[in-house]
Student: 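Next up is a structure, given as structure tokens.
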Amino acid sequence: MTVYFIGAGPGAADLITVRGARTLAGCQVCLYAGSLVPRELLAECPPDARLVDTAQLNLDEITAEVLRAHEAGHDVARLHSGDPSVFSAVAEQMRRLDAAGVPYEVVPGVPAFAAAAAALKRELTVPTVGQTVILTRIAQQATAMPEGEDLATLGRSGALLVLHLAARYADRVVAELLPHYGADCPAAVVAMASRPDEVVLRGTLADIADQVKAAGIVRTAVIIVGRTLGAEQFRDSHLYSPERDRHVC
């Protein structure tokens with residue numbers, strides 16, 4: 001048997017990848033986070049599949065479910081929201097499976113920040129304005145951030161920041177970034193990206209926290225801060241330039 005860590009995408013059921021849907025359809029057991037993964041995706045599972053909502057399970061209990069399926073010779077779909085490579089807690093699950101000798105594979109998914117950029121109709125990297133995107137979060141009730149990865153330090157780069165798990169603390173985010181980005185720096189918040197109840201807020205560091213409070217957004221959202229969000233006057237990229245020598249590799 002094999003465990004498949006599958007990225008379910010940012011929220012809309014039809015944003016799972018073709019490979020993800022096909023893999024899901026072939027697994028006899030599906031573990032999913034009921035609070036984050038759209039239930040419509042479960043229709044892709046075989047009719048007789050064992051479905052386990054892991055929203056209230058701890059790591060030991062999740063591992064036990066996987067090992068039980070392994071002993072029965074059943075393939076397991078471990079559905080994670082977004083993409084497994086970012087803020088998914090799959091590393092600790094993989095470590096447990098490595099120790100138990102259980103094989104696994106990873107099927108990538110559409111990450112939340114990509115769905116947020118689509119909702120904003122913005123490219124996050126713009127020639128001569130910004131070519132760096134930092135994906136991060138803030139330390140609050142969750143695991144502490146490593147040294148040198150606090151917002152004040154990251155903000156000195158001036159790069160576009162995408163903050164996960166931070167909407168509840170928008171005031172703090174603004175306070176730490178204002179000295180580095182300025183009050184007029186474009187900022188946006190996208191909650192429930194790609195879902196029917198998606199909320200998109202656009203503003204600057206001067207007003208985005210107030211907008212978040214007024215909208216009542218506290219979770220399932222990303223905060224994006226950076227000059228590329230408002231870029232209008234910028235040079236065309238070299239990629240499609242008529243001056244580019246297309247015979248040179």
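Just so you know, these numbers come straight off a predicted model, no measurement behind them.
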Student: How about Leu161 and Ile224: do any of their side-chain heavy atoms sit closer than 4.5 Å?
Tutor: no
Student: Nearest 0.5 Å, what's the CZ-OG1 distance between Arg78 and Thr54?
Tutor: 3.5 Å
Student: Donor-acceptor pair, Gln131 side chain versus Val126 backbone, under 3.5 Å?
Tutor: yes
Student: Calculate, to the nearest 0.5 Å, the distance between atoms CG and CG belonging to Asp184 and Leu178 respectively.
Tutor: 10.0 Å
Student: Would you check if the side chain of His180 reaches a backbone N or O of Ala152 as a donor-acceptor pair within less than 3.5 Å?
Tutor: yes
Student: Please find the pair of heavy atoms, one from Leu160 and one from Gly226, that lie closest to each other, and give the distance.
Tutor: CD1-CA, 4.1 Å
Student: Please go through Ile6's hydrophobic cluster and name the other residues, only I, L, V, M, F, W, Y counting, with side-chain heavy atoms under 4.5 Å joining them.
Tutor: Tyr4, Ile16, Leu24, Tyr32, Val37, Leu41, Leu42, Leu51, Leu79, Val107
Student: Ignoring hydrogens and geometry beyond distance, is a side-chain donor-acceptor pair present between Arg50 and Gln28 at under 3.5 Å?
Tutor: no
Student: Is there a path of hydrophobic side-chain contacts, each under 4.5 Å between heavy atoms of I/L/V/M/F/W/Y residues, joining Leu135 to Leu163?
Tutor: no
Student: Given side chains that start at C-beta, do those of Asp14 and Glu40 come closer than 4.5 Å, heavy atoms only?
Tutor: no
Student: Taking 4.0 angstrom as the limit, do Glu44 and Arg39 come out as a salt bridge?
Tutor: no
Student: Without hydrogens or angle criteria, can the side chains of Thr63 and Asp60 be said to hold a donor-acceptor pair below 3.5 Å?
Tutor: no
Student: Would you kindly confirm whether Leu124 and Val129 end up in one hydrophobic cluster when ILVMFWY residues are joined by side chain heavy atoms under 4.5 Å apart?
Tutor: no
Student: Enumerate the ring-ring contact (aromatic ring centres under 6.0 Å, His included) contacts for residues 103-129, please, sequence neighbours excluded, ordered by first and then second residue.
Tutor: Phe5-Tyr104
Student: Verify the cluster assignment for Val3 and Val52: are they in a single hydrophobic cluster under the rule of side-chain heavy atoms below 4.5 Å apart?
Tutor: yes
Student: Given 3.5 Å as the limit, does a donor-acceptor pair link the side chain of Thr132 with the main chain of Ala159, or not?
Tutor: no
Student: Looking only at non-hydrogen atoms, find the nearest pair between Ala25 and Pro46 and report the distance.
Tutor: O-CG, 3.2 Å
Student: Indicate, with yes or no, if Val86 and Val133 share a hydrophobic cluster defined by side-chain heavy-atom contacts under 4.5 Å among Ile, Leu, Val, Met, Phe, Trp and Tyr.
Tutor: yes
Student: To the nearest 0.5 Å, how far apart are CG in Leu177 and CZ in Arg172?
Tutor: 10.5 Å
Student: Check whether any side-chain N or O of Asp210 sits under 3.5 Å from a backbone N or O of Asp207 as a donor-acceptor pair, and report yes or no.
Tutor: no
Student: Working note: Arg202 + Val200, criterion side chain to side chain contact (heavy atoms under 4.5 Å, CB included); need CA distance, chi angles, decisive distance, verdict.
Tutor: CA-CA 7 Å; Arg202 296 178 176 85; Val200 178; 3.6 Å; yes
Student: With the side chain counted from C-beta on, respond yes when Ser157 and Ile134 share a heavy-atom pair under 4.5 Å apart, and no when they do not.
Tutor: yes
Student: Looking at every heavy atom in both Ser194 and Leu15, which two are closest together, and how far apart are they?
Tutor: CB-CD1, 3.6 Å
Student: Within this structure, what is the CZ-CZ distance for the pair Arg22 and Arg19, rounded to the nearest 0.5 Å?
Tutor: 9.5 Å
Student: Would you say Glu123 and Thr228 make side-chain contact, with heavy atoms under 4.5 Å?
Tutor: no
Student: Output the distance between atom OH (Tyr169) and atom CG (Leu151), rounded to the nearest 0.5 Å.
Tutor: 13.5 Å
Student: Indicate yes or no: does Arg95 engage Glu92 in a salt bridge with an N to O separation below 4.0 Å.
Tutor: no
Student: Can you find a heavy atom in the side chain of Val76 that is under 4.5 Å from one in the side chain of Cys27?
Tutor: no
Student: Any non-hydrogen side-chain atom of Val66 less than 4.5 Å from a side-chain atom of Arg68?
Tutor: no
Student: Taking all non-hydrogen atoms of both residues into account, name the closest pair between Gly109 and Thr17 and its distance.
Tutor: CA-CG2, 4.4 Å
Student: With respect to Val212, which candidate in Ile217, Val173, Asp171, Val199 satisfies the side chain to side chain contact (heavy atoms under 4.5 Å, CB included) definition?
Tutor: Ile217
Student: Do Glu65 and His70 pair up side chain to side chain, a donor and an acceptor below 3.5 Å, judged on atom types alone?
Tutor: no
Student: Quick one: closest heavy-atom pair of Arg227 and Pro186, and the distance?
Tutor: NH1-CD, 3.9 Å
Student: Would you check if the side chain of Asp83 reaches a backbone N or O of Val110 as a donor-acceptor pair within less than 3.5 Å?
Tutor: no
Student: Can you establish whether the number of heavy atoms outside Arg168 located under 6.0 Å from its atom CZ is more than 12?
Tutor: no
Student: So Ile208 and Ile223, do their side chains get closer than 4.5 Å, heavy atoms only?
Tutor: no
Student: Going from CD on Glu149 to CG on Leu154, what distance comes out if it is rounded to the nearest 0.5 angstrom?
Tutor: 6.5 Å
Student: Can you check whether Ile138 reaches Leu165 side chain to side chain, under 4.5 Å on heavy atoms?
Tutor: no
Student: Any idea which heavy atoms bring Gly34 and Asp53 closest together, and the distance?
Tutor: N-OD1, 2.8 Å
Student: Do the side chain of Arg122 and the main chain of Ala231 share a donor and acceptor less than 3.5 angstrom apart?
Tutor: yes
